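One structure is given below, encoded as structure tokens.
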Amino acid sequence: MRILVMDGSATGTQARAVIACLASGADGALSVLATRTATGRGAAEQFPLLATELFAQCGWTHVMPELVGVVVGPGSFTGLRASLAFAHGLAAGSGCAVMGMTGGEAMAAALRDAARPLAARPLCCTVARRGRVFVETLADGQDAGSVSAHMLDTLELPPGPVLLAGNAAEEVAQAMPGRADVRICALTQPDPMDIATVALRRFRGHLPPRAAQPLYVDAPEAKLPAAGLRPAPIDTP
């Protein structure tokens, strides 16, 4: 199976958007064929061009991916919309399946492996705007995972020990100087293999379905005009 994966969720000038082509063999083993990375603001908007380069490098010039795995959030408003729009465009044009996942879902297996020796609770922390962070708890056998937004200066973490991952892990740890039970791991972003693995599991029904739509944690900032919307245009003969 030919698989394309994308993560355009990172935000800010230090954003790192990743797109990659993978193949799943007859034995189910995954292999990364080629990867491209874009950085900075608007990084995910480069995905269509980077995908063209990847397809040529992988010999997919006359075929398309059969499965697209894409991170739906939390993270950059623009990056999520750009990557998901491209994913759904590929699906509309070629009929490929699109499987969405949160950043925490994609990193869950690696994060749990890192947390287990510490008997720690894993949390995935993502950079947000205006001095805030998104904190994602991972799903387990009893509770579904959740994502919430917090101001760094008022953030309270659950009782420890806690292991933090994600691109805001260091900021969150620094905001908790009195917590000796807070640890940081090196996982800042899911890698292509992580994303493809979760996409395949969801595609095969081994994970609960999730709509491949942007995960917006914050309420929308746009407001309706005070005078209301303009009337719909009149169709004149």
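Here the structure is a predicted model, which means the values were calculated and not measured.
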Using every non-hydrogen atom in the two residues, find where [X] and [Y] come nearest and quote the distance to one decimal.
| X | Y | answer |
| --- | --- | --- |
| Arg132 | Ala149 | NH1-CB, 3.7 Å |
| Ile19 | Ala51 | CD1-CB, 3.9 Å |
| Val70 | Ala87 | CG1-CB, 4.4 Å |
| Leu54 | Cys21 | CB-SG, 3.7 Å |
| Ser9 | Pro74 | CB-O, 3.7 Å |
| Leu164 | Ala173 | CD1-N, 3.9 Å |

Leu123 vs Thr137, side chain to side chain contact (heavy atoms under 4.5 Å, CB included): CA-CA, chis, key distance, verdict: CA-CA 5 Å; Leu123 297 174; Thr137 63; 3.6 Å; yes
Would you kindly confirm whether [X] and [Y] end up in one hydrophobic cluster when ILVMFWY residues are joined by side chain heavy atoms under 4.5 Å apart?
| X | Y | value |
| --- | --- | --- |
| Leu207 | Val5 | yes |
| Val72 | Val217 | yes |
| Phe203 | Met193 | yes |
| Val182 | Leu138 | no |
| Met64 | Leu22 | no |

Starting at [atom1] of [X], measure out to [atom2] of [Y] and round the result to the nearest 0.5 Å.
| X | Y | atom1 | atom2 | answer |
| --- | --- | --- | --- | --- |
| Leu155 | Met176 | CG | CE | 3.5 Å |
| Phe77 | Thr11 | CZ | OG1 | 11.5 Å |
| Asp181 | Arg121 | CG | CZ | 12.0 Å |
| Leu80 | Tyr216 | CG | OH | 6.5 Å |
| Ile3 | Glu66 | CD1 | CD | 8.5 Å |
| Arg130 | Leu152 | CZ | CG | 15.0 Å |

Which atom pairs, donor and acceptor, lie under 3.5 Å between side-chain atoms of residues 96-115 and protein residues at least two apart or in another chain?
unit_1	atom_1	unit_2	atom_2	d
Thr102	OG1	Glu105	N	3.0
Thr102	OG1	Glu136	OE2	2.5
Glu105	OE1	Thr102	N	3.0
Glu105	OE1	Arg202	NH1	3.2
Glu105	OE1	Arg210	NE	3.1
Glu105	OE2	Arg202	NH1	3.4
Glu105	OE2	Arg202	NH2	2.8
Arg112	NH2	Ala139	O	2.1
Asp113	OD1	Arg116	NH1	3.0

CZ (Arg81) with more than 12 external heavy atoms under 6.0 Å: no
Please report the C-alpha distance between Leu4 and Phe55 in whole Å, then the side-chain angles of each, then the deciding distance to 0.1 Å, and finally whether the side chain to side chain contact (heavy atoms under 4.5 Å, CB included) criterion is met. CA-CA 10 Å; Leu4 179 72; Phe55 294 169; 4.1 Å; yes
Counting only pairs under 3.5 Å, give me each side-chain donor-acceptor contact of residues 30-48, with atom names and distances, residues two or more places apart or in other chains.
unit_1	atom_1	unit_2	atom_2	d
Arg36	NE	Glu53	OE1	3.2
Arg36	NH1	Gln57	OE1	3.0
Arg36	NH2	Gln57	OE1	2.9

Report yes if the side chains of [X] and [Y] come closer than 4.5 Å at any heavy-atom pair, otherwise no.
| X | Y | result |
| --- | --- | --- |
| Arg179 | Glu156 | no |
| Arg16 | Thr188 | no |
| Asn167 | Gln189 | no |

Given the rule in the side chain to side chain contact (heavy atoms under 4.5 Å, CB included) test, do Leu200 and Ser24 qualify, once you have shown the distances and angles that lead to the verdict? CA-CA 9 Å; Leu200 275 171; Ser24 174; 4.2 Å; yes
State whether the side chain of Asp7 and the backbone N or O of Val71 hold a donor-acceptor pair below 3.5 Å, judged by distance alone. no
